[in-house]
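We use all heavy atoms of the structure for the numbers below, so side chains are in, but hydrogens, waters and symmetry mates are not. Reminder, nothing fancy here: chain letters follow the sequence lines and each chain counts from 1.
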There are 2 protein chains.
Amino acid sequence: MTNEDSKRNFLLNIHDLAKHLNISIGTVSRALNGRADVNAKTRQRVIEAAQKFGYSPNQSGRSLRQGSTGLVGFMVIINRDRETRGEAFFMSIFDGMQSYLSSRGLDFVVHFCGSDEDPVAYLRRIAERRLVDGIVISQMYRTDKRIDYLVQRKMPFIAFGRSESSKIFSWMDLDFEGVAEKAINHLCLLGHRRIAIATASNDINYGYVFVDACRSSLAKRGLSLPDELVLQEPLTESGGYRVGERLLAMENRPTAVVLVDNTMAIGLYHIFQDVKIIPGKDISIVGFDASPNGEFLRPSLTQFEVPLGQLGRWLGEHIMLLIEAKGTGKKMPVFSKLWPMKMILGDSSGPTS
Amino acid sequence: MTNEDSKRNFLLNIHDLAKHLNISIGTVSRALNGRADVNAKTRQRVIEAAQKFGYSPNQSGRSLRQGSTGLVGFMVIINRDRETRGEAFFMSIFDGMQSYLSSRGLDFVVHFCGSDEDPVAYLRRIAERRLVDGIVISQMYRTDKRIDYLVQRKMPFIAFGRSESSKIFSWMDLDFEGVAEKAINHLCLLGHRRIAIATASNDINYGYVFVDACRSSLAKRGLSLPDELVLQEPLTESGGYRVGERLLAMENRPTAVVLVDNTMAIGLYHIFQDVKIIPGKDISIVGFDASPNGEFLRPSLTQFEVPLGQLGRWLGEHIMLLIEAKGTGKKMPVFSKLWPMKMILGDSSGPTS
DNA sequence: CGAATGTCCGTAAACGTTTACGGAAAAGAC
DNA sequence: GTCTTTTCCGTAAACGTTTACGGACATTCG
């Protein structure tokens, strides 16, 4: 009793609302859910009362009955040493996803896997407890257990980033191959022959993909990418600084360097500034994703532009399609998409001297 | 039938598990929930089976029965022109919160209110549908309707940031007063007399609080803060650039400027670099929150340090206390805390010439 | 050996919804 | 007027849990 009080609190449910309106709970539910078999006048009364008392159906009851939560998740792995893309990156994606999903009546929620937790265990908890109907997973590893798990569980998901897997699954990724080709082409036209690549550690898949793509693009032009020019460092400011140190220490210094993340550019610029090397003149730098930092560096950074909001909307739309397909029992479609990026010329890349 | 199939899918529930073990669902539930009245051997069998088949209780059923979701939320308002603190800021807070809450058996989830949505309506949906047991709201406005709503609804919440309100509510905020005092003191000791403040627009509460605090600290030293030295610009790189433009345009230029957000520092440094003004020599700059950007600026930025992970843990702990108090029917405690920040001396602040 | 106690488990109600079903009343057809 | 159709609403079952309650059986005690 006292327990019930503390549980119920003063919040009202569908019974209270029905009693107040002198109609049955079935009618209240039908009215709010926009079903046809309810009188227009009655519906109006119900909606007004719900509005007035601040009533929305309890999501737990609803989910339980419907077998779905109406919730879409996005899983982010927090990395203490930030060996991943800059986090600000995600915000614009969230914005686009949220905007699309809410227009379709779905809710959107982000799950942050702590830096001290196992991503697979974390994801399993979310899935087993049925917290969401579908999920976007990000920061894909080169081989990622999460994929096998979700496929086997037949849970709707999209991987933001590719991954090596024998399974068939939906993914979308930035067009690293296209970026590599454009970057290498640009630098080669400027006369560069010895080009370094700064990238992430090998188990982060896109670092690997990007280096591979650069190697191909170089090969097409009769150039090679020796191992000592692949500089693996954390994708951070200090990682960029470290890249600079390693470049400066080389006996046969490259004339250009391509970065897989713009955060690195900041550290790189600073070490160059310390030793009076001018980007675009003494050495060429090409960055990756367009970020405000890039525009504000001096000289401005040559980088690539990607409309993150649109990308988020794409994710929202397609995860919804997967969820719908599963809900209606149809077999789930499989999506895969490479998102194109546009090169923005800055002053950090110039002809060889 | 076919409908049931598509709903149920192949996922198993407590009945399936009980049938497989040849015991009742009650026992399964008790075993998994660690109740005393279940045989140790039986419990072991249940736990192993659950592990083997990947079973966790369906959260909807659980929430419905218990009247609580075991979920803690964090509401972030996405701002397209980023008139708020840098977003990377939040990640470390999430990390701390997630870490604390998961150690207490609670789940943590972040809700992003899209830039095209009304924050109050967004929050109401979350609350009315009982998506979470408690929530941290951030980016407080000077007067914030969300507070009144949550107080009236008796929903456990903590405001991350103060706000003017007649209501009593729990909050935690950075110690803007302390920062202002230290920054002003530091600059005054260096001989500065004419100090500008770069801040956010007036409806963001902390911008207002900070300017007010600076004004007090200046007054204590017999100095004033004329209106033309309060520079309201977006807390972005270009906002910082704009601040620089305004400073350069002044007939009686201040010798120092205090920023309420370090993102601004980037733009400010660049315009100064363009016109060959050296921070710390020709003009002094004091930043706000410690960010890697700050360390990597040249000359290094004088700024303030805050352990964001600890701050997140504090939020997790105290929102949990509020939820527990409400669950047991006790009256909810009220927390308020100013989080201290430590000044990190850089080379961007120096004596007047 | 009977009674009292303790250990463990099954039963069933409840949580707040949605929705298939059936039926009452109103409307239309003849 | 009756018969059919339509419109609208109430009833009750179901979703997957947790937990109060009671009872079966084993154990202890006198």
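For the OP1/OP2 pair of C:dG16 and a distance below 4.0 Å, the side-chain nitrogens and oxygens of A:Gln59 include no atom meeting the criterion. Considering only side-chain N and O atoms, B:Gln66 lies under 4.0 angstrom from the phosphate OP1 or OP2 of D:dT19. Side-chain N/O atoms of B:Arg62 include one lying less than 4.0 angstrom from OP1 or OP2 on D:dT18.
With rounding to whole Å, B:Asn33 atom CG is found 12 Å from D:dA20 atom P. Summarising the geometry, the separation between CG on A:Leu17 and P on C:dT18 is reported as 12 Å, rounded to the nearest angstrom. One atom, CG of B:Leu64, and another, P of C:dA14, lie 13 Å apart when rounded to the nearest Å. Between B:Asn13 atom CG and D:dG16 atom P the separation is 5 Å, expressed in whole Å. Regarding A:His15, its NE2 atom lies at a distance of 8 Å from the P atom of C:dT17, rounded to whole Å.
With hydrogens and angles disregarded, a donor-acceptor distance shorter than 3.5 Å links the side chain of A:Asn13 to the backbone of A:Asp16. In this structure, the side chain of B:Asp133 engages the main chain of B:Thr69 through a donor-acceptor pair within 3.5 Å. A donor-acceptor pair under 3.5 Å is formed between the side chain of B:His318 and the backbone N or O of B:Trp314. The closest donor-acceptor contact from the side chain of B:Arg146 to the backbone of B:Ser138 lies under 3.5 Å. Judged purely by atom type and a 3.5 angstrom limit, B:Asn33 has no side-chain atom pairing as donor or acceptor with the backbone of B:Arg35.
Across all strands shown, A:Ser60 has no heavy atoms under 4.0 Å from either base or sugar-phosphate atoms.
Between B:Ile158 and B:Leu322 there is a side-chain heavy-atom pair separated by less than 4.5 Å.
Aromatic ring centres of B:Phe108 and A:His111 lie farther apart than the 6.0 Å criterion allows. Aromatic ring centres of A:Phe94 and A:Phe74: separated by under 6.0 Å.
For the atom pair B:Arg65 CZ and B:Asn58 CG, the distance stands at 15.0 Å (nearest 0.5 Å).
Heavy-atom distances under 4.0 Å link DNA chain D to no residue of residues 49-58 of chain A.
Of the candidate nucleotides C:dT19, D:dT17, D:dT19, D:dT19 has the atom nearest to the side chain of B:Arg35.
Contact annotation: side chain of B:Arg65 to base of D:dT18, donor-acceptor pair present below 3.5 Å.
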Between protein and nucleic acid, restricted to nucleotides 5-11 of chain D and to nitrogen or oxygen atoms under 3.5 Å apart, what atom pairs and distances do you find?
{"residue": "D:dC8", "atom": "OP1", "partner": "A:Asn39", "partner atom": "ND2", "Å": "3.2"}
{"residue": "D:dC9", "atom": "OP1", "partner": "A:Thr42", "partner atom": "OG1", "Å": "2.6"}
{"residue": "D:dC9", "atom": "OP2", "partner": "A:Asn39", "partner atom": "N", "Å": "2.9"}
{"residue": "D:dC9", "atom": "N4", "partner": "A:Asp37", "partner atom": "OD2", "Å": "3.4"}
{"residue": "D:dG10", "atom": "OP2", "partner": "A:Ser24", "partner atom": "N", "Å": "2.9"}
{"residue": "D:dG10", "atom": "OP2", "partner": "A:Ser24", "partner atom": "OG", "Å": "2.7"}
{"residue": "D:dG10", "atom": "OP2", "partner": "A:Thr27", "partner atom": "OG1", "Å": "2.6"}
{"residue": "D:dG10", "atom": "N7", "partner": "A:Arg30", "partner atom": "NH2", "Å": "2.9"}
{"residue": "D:dG10", "atom": "O6", "partner": "A:Arg30", "partner atom": "NH1", "Å": "2.9"}

